[in-house]
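What follows is a short report on a single structure.
The chains referred to below are lettered A, B, ... by the order of the sequence lines, with proteins before strands, and numbering in each begins at 1.
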Protein chains: 2
Amino acid sequence: MRKVSSTNYHNQAYLEEKCTLNELIHLLSKRWLTEVLFSIEEGNNRFSSLKEDLKYISDNILADRLKLLEQHKLITRNDNFREVPARVEYALTPTGLKLSELLDVMCKFSETEMDFPAASC
Amino acid sequence: MRKVSSTNYHNQAYLEEKCTLNELIHLLSKRWLTEVLFSIEEGNNRFSSLKEDLKYISDNILADRLKLLEQHKLITRNDNFREVPARVEYALTPTGLKLSELLDVMCKFSETEMDFPAASC
DNA sequence: CTGTATCCGATAAGATACTG
DNA sequence: CAGTATCTTATCGGATACAG
């Protein structure tokens, strides 16, 4: 739970109210989140498949990131398979796809313009 | 100092090596950083002017963000005025300007596509 | 298979006091 | 004016154990 009394909390709230960009960046800055988005886009639509693809991610973090992405309507969660063991499939929404394209642009920018050591994107 | 032994550290390093996008987002996620960039773009080119514009920012955070922006060649720092009291002026680099334009695009996206409460950007 | 609950270490933000 | 140094607190990531 957040301590509402702190300046820390108030400043973040102030920034997010001032501009939703801060809210979006705060979401994107959660570790693994963009990787989960990209991995779903590439066809990894199950929990176990994502966990295998993002080899160092832990259960609780993956679950949390999927929940966040769903809450912000960037992915859909389909658990209507009525199978045992449980089966759930994830997919990008149109907004999720647009965000992914936007992140591609940012990735190109970071590769070509920014002063970071080179890496394959 | 960072503890190199932690999984926490290794995972972040893994992600940043995998794609510089993670490095860029990690930078942008530092609180106030984008606001400082925008404020400089709007003409606030002195420490005191920035501090007044971003009314809740503290000295040490502003100093740190300016240092980060300079290190990544997003702004320039000019202290060649030989005046007392000290005088320093900041300005965007071409890369800084491009980043600002990219962030404008992201801001529009967050306003029109994302599921956040509305705010003026 | 797809998660949840609890705990702990690591990192980030901010308050305060001080300096050339 | 333009910062720096030190300390405290808040937030985040991850390990482990467990559940429907």
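Remark on DNA chain C: of its neighbouring residues A:Leu66 and B:Arg65, the 5'-side contact belongs to A:Leu66, judged by nearest-heavy-atom nucleotide. Where A:Asp64 and A:Asn8 meet DNA chain C, the nucleotide closest to each residue was compared, and A:Asp64 sits on the side nearer the 5' end.
Under the rule for a side-chain contact (heavy atoms from CB on, under 4.5 Å), the partners of A:Thr93 that lie at least two apart in sequence or sit in another chain are A:Thr76, A:Thr95. Under the rule for a salt bridge (charged side-chain N to carboxylate O under 4.0 Å, His left out), A:Glu41 has no partner lying at least two apart in sequence or in another chain. In this structure B:Asp59 satisfies the side-chain hydrogen bond (donor to acceptor under 3.5 Å, both in side chains) test together with B:Lys51, sequence neighbours excluded. Checked against salt bridge (charged side-chain N to carboxylate O under 4.0 Å, His left out), B:Glu89 has the following partners two or more places apart in sequence or in another chain: B:Arg87. Taking the salt bridge (charged side-chain N to carboxylate O under 4.0 Å, His left out) definition, one finds that A:Asp104 meets it with nothing, sequence neighbours left out. For A:Lys67, there are no salt bridge (charged side-chain N to carboxylate O under 4.0 Å, His left out) partners at least two apart in sequence or on another chain.
Under the 3.5 Å distance criterion, the side-chain polar atoms of A:Thr20 are left unmatched by any main-chain donor or acceptor of A:Glu23. Between the A:Asn11 side chain and the A:Ala13 main chain, no donor and acceptor come within less than 3.5 Å of each other.
The list of ring pair (Phe, Tyr, Trp, His ring centres under 6.0 Å) pairs with a residue in residues 62-102 of chain A, not counting sequence neighbours, reads A:His72-B:Phe116. Listed by first then second residue, pairs satisfying ring pair (Phe, Tyr, Trp, His ring centres under 6.0 Å) with a partner in residues 35-64 of chain A read A:Tyr56-B:Tyr14, not counting sequence neighbours.
Atom-to-atom, CD of B:Gln12 to P of D:dT11 comes out at 20 Å; the value is rounded to the nearest Å. When rounded to the nearest whole Å, the span between CD1 of A:Ile57 and P of C:dT2 equals 14 Å. D:dT11 atom P lies 12 Å from atom CD of A:Glu16, rounded to whole Å. For the pair B:Tyr9 OH and D:dG14 P, the interatomic distance rounds to 14 Å; values are reported in whole Å. Summarising the geometry, the separation between CD1 on A:Ile61 and C1' on C:dT2 is reported as 16 Å, rounded to the nearest angstrom. One can place CG of B:Leu62 at 9 Å from C1' of D:dA2, the figure rounded to the nearest angstrom. One atom, NE2 of A:His10, and another, P of D:dT9, lie 17 Å apart when rounded to the nearest Å. The distance from atom CG of A:Leu68 to atom P of C:dT4 is 12 Å, rounded to the nearest whole Å.
The pair B:Asp79-B:Arg77 meets the salt-bridge criterion, with a side-chain N (NZ, NE, NH1 or NH2) lying under 4.0 Å from an Asp/Glu carboxylate O. Here B:Glu35 pairs with A:Lys18 in a salt bridge; the nearest charged N to carboxylate O distance falls below 4.0 Å.
Using a 4.0 Å cutoff on non-hydrogen atoms, the parts of residues 71-79 of chain A near DNA chain C are A:Arg77, ordered by number. Within residues 33-54 of chain B, no residue has any heavy atom closer than 4.0 Å to DNA chain C.
When distances run from any side-chain atom of B:Arg31 to the nucleotides D:dG13, C:dG14, C:dA12, the shortest one goes to C:dG14.
Contact annotation for A:Phe81: no contact, since no heavy-atom pair falls under 4.0 Å across all strands.
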Per-nucleotide protein contact string for nucleotides 15-20 of chain D (B base, S sugar-phosphate only, - none; heavy atom under 4.0 Å): BB---B

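No side-chain donor from either of B:Asn22 and A:Arg31 sits under 3.5 Å from a side-chain acceptor of the other.
Summary of helix geometry: the two end axes of the helix from C:dC1-D:dG20 to C:dG20-D:dC1, each defined by five base pairs via their C1' atoms, are inclined to each other by 50° (rounded to 10°).
In this model, the phosphate group of D:dG3 is approached by a side-chain N or O of B:Tyr90 to a distance below 4.0 Å at OP1 or OP2.
In this structure, B:Leu74 and B:Leu97 have side chains that are not in contact, with every pair of non-hydrogen atoms separated by 4.5 Å or more.
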